[in-house]
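Along the sequence shown, the residues carry numbers beginning at 1.
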Amino acid sequence: GVTAGTVDISYTVSTGCGTAVASVTIVVDPLPNAGAISGPASVCIGAVITLTDAAPGGVWSASNANATVSGGVVTGVTAGTDDISYTVTNTCGTASAVSTISIDPLPDAGAITGIPFVCVGTTTTLADAAPGGLWSASNANATVSGTGTVIGVTLGTDLISYTVTNMCGTAYTTKSITISAFPTAGIITGPASVCVGATINLTETV
């Protein structure tokens, strides 16, 4: 077999009485060709992408459980990678095209830890174990730095958020912070002296 197609193979016998020919038509089958897979190289967990291959008659498969594939539609299952194959089989054998797909995790904002109150003019530091997030405050009662340090500004409450974004979306977590005032004892008013056995009344506005 040299190239795909048909060929007539002849066997010729010649004698003094003439020539006789036997022939048979042979089909030369092509080697299998799986073509090339095209489409996105990554998918988020729970999302789908569509891969294509121009070679006809192939079968799609995934190398592990990080993704599933059906008819070229790949669904992300767990974070990692998966080799998606397109396999074409004919009488001459089997050929496969492979595309490595990255299954990306959904964003995780974790949980904010730290003291949930701060006095006006003082600081408290919050933390979150999830990497790469951004801190923000919901109003002007407090401010928060990029490292999670909260400064009390005015009395009230503020909702502090930690937001994590990746190619699969955005997730956030919050913690309510109470901003309190420093205690004040006010001023005692009333007489400055009392006789033995007598009483006076002192007052305090707080």
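- When side chains are defined from C-beta on, I179 does not count as touching V153, because their heavy atoms never get closer than 4.5 Å.
- The shortest distance between side-chain heavy atoms of V28 and T3 does not fall below 4.5 Å.
- Each side-chain hydrogen bond (donor to acceptor under 3.5 Å, both in side chains) pair with one or both residues in residues 191-206, not counting sequence neighbours, appears once here: T189-T203.
- For the pair L202 and P191, the minimum side-chain heavy-atom distance is below 4.5 Å.
- Legend: residues meeting side chain to side chain contact (heavy atoms under 4.5 Å, CB included) with I26, ordered by chain and number and at least two apart, are V7, I9, V24.
- Between the side chains of T165 and T170, at least one donor N or O sits under 3.5 Å from an acceptor N or O.
- Cluster annotation: V118 is connected to L155 through the hydrophobic network of ILVMFWY side chains, with a link wherever side-chain heavy atoms come within less than 4.5 Å.
- N139 places a side-chain N or O within 3.5 Å of a backbone atom of T157 that can act as its donor or acceptor partner.
- Here the side chain of N90 pairs a donor or acceptor atom with the backbone of P30 at under 3.5 angstrom.
- Residues satisfying the side chain to side chain contact (heavy atoms under 4.5 Å, CB included) criterion with V2, sequence neighbours excluded, are absent altogether.
- Side-chain contact between Y172 and L134 is absent, with no heavy atoms from C-beta onward closer than 4.5 Å.
- Listed here is the closest heavy atom pair of A62 and V69: N-CG1, 3.7 Å.
- In this structure the side chain of T87 reaches within 4.5 angstrom of the side chain of T94, judged on heavy atoms.
- When T149, D128, T147 are each tested for a side chain to side chain contact (heavy atoms under 4.5 Å, CB included) with W135, only one passes: D128.
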